[in-house]
Amino acid sequence: MDFSPLTDALASKSYGKIADICDELMLKGAAEMEGVPFEEEWPFAIHLLAHIYVNDTNSARFLWKSIPAAVKERQPEVVAAWGIGQRLWTRDYAAVHEAIRAFDWSQQIQPLVAAFSEVYTKRMFQLLLSAYSTISIQDTALFLGMNEDDATSYVSQQGWVVDPDSRMLIVKKQPVKTEQKLDSSKLQRLTEYVFHLEH
């Protein structure tokens, strides 16, 4: 089986495309190798992590269920990848970082896991930003997967204020920017309306 599109996507760090590439290759491989098991060479860990990277836990869950038990037994990295997916599925957001750090990832997968960790931290920051007006430093560190000093530094760079007495963070809501797009048809209708009013 030709994994060059997947290899190219990994090399170019196009992690957002990997899930679709893997899905296409899997369908193609299943059609071409009808009756020949290709599961042994299939990069299930990458495939799972790619779905997790694009926040598609449903697809990751269904992929996990389709992986043969023998593969799960022989490839601990696949089980570790699903460990991240499980935490996301059960909405145990703080434990996601623990699942990432709990396994010694292979050289090939390490950059994908690191990229997911970074994206996930940003998602958690946005969640905290939208859900809280004040939050403890301890809880922030837990959600962001950092120690308390790093979490405080991270959110301070985003404009949050630290209250040292209560060890609470005051969330600074960022102004919502709305761009109004005016296409030519709307402009034309507005012009016709104004013209009609004047005449």
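The shown structure was predicted, so the numbers you read here are calculated from the model rather than taken from an experiment.
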**OP:** Verify the cluster assignment for Leu127 and Phe116: are they in a single hydrophobic cluster under the rule of side-chain heavy atoms below 4.5 Å apart?
**Re:** yes
Subject >> Test item: His47 and Leu25 side chains (from C-beta on) under 4.5 Å apart, heavy atoms >> reply: no
**OP:** Check the side chains of His51 and Asp23 for a donor-acceptor pair under 3.5 angstrom, ignoring hydrogens and angles.
**Re:** yes
Original post:
Closest approach of Thr152 and Ser156, non-hydrogen atoms and distance?
Top reply: O-OG, 2.7 Å
**OP:** Determine whether the aromatic ring centres of Tyr53 and Tyr120 lie less than 6.0 Å apart.
**Re:** no
**OP:** Give the cluster check for Trp89 versus Val79: same hydrophobic cluster or not, with ILVMFWY residues linked at side-chain heavy-atom distances below 4.5 Å.
**Re:** no
Original post:
Between Asp139 and Ser136, does any side-chain donor sit less than 3.5 Å from a side-chain acceptor?
Top reply: yes
Original post:
Any chance the rings of Trp42 and Phe3 have centres within less than 6.0 Å?
Top reply: yes
Subject >> Residue pair Leu112 / Ala50: nearest heavy atoms and the distance that separates them >> reply: CD2-N, 4.3 Å
**OP:** Taking the side chain as every heavy atom from C-beta outward, state whether Leu144 and Tyr154 have any pair of such atoms under 4.5 Å apart.
**Re:** yes
Subject >> Polar contact flag, side-chain donor to acceptor under 3.5 angstrom, Ser153-Asp150 >> reply: no
Subject >> In one Ile/Leu/Val/Met/Phe/Trp/Tyr side-chain cluster, 4.5 Å: Val162, Val171 >> reply: yes
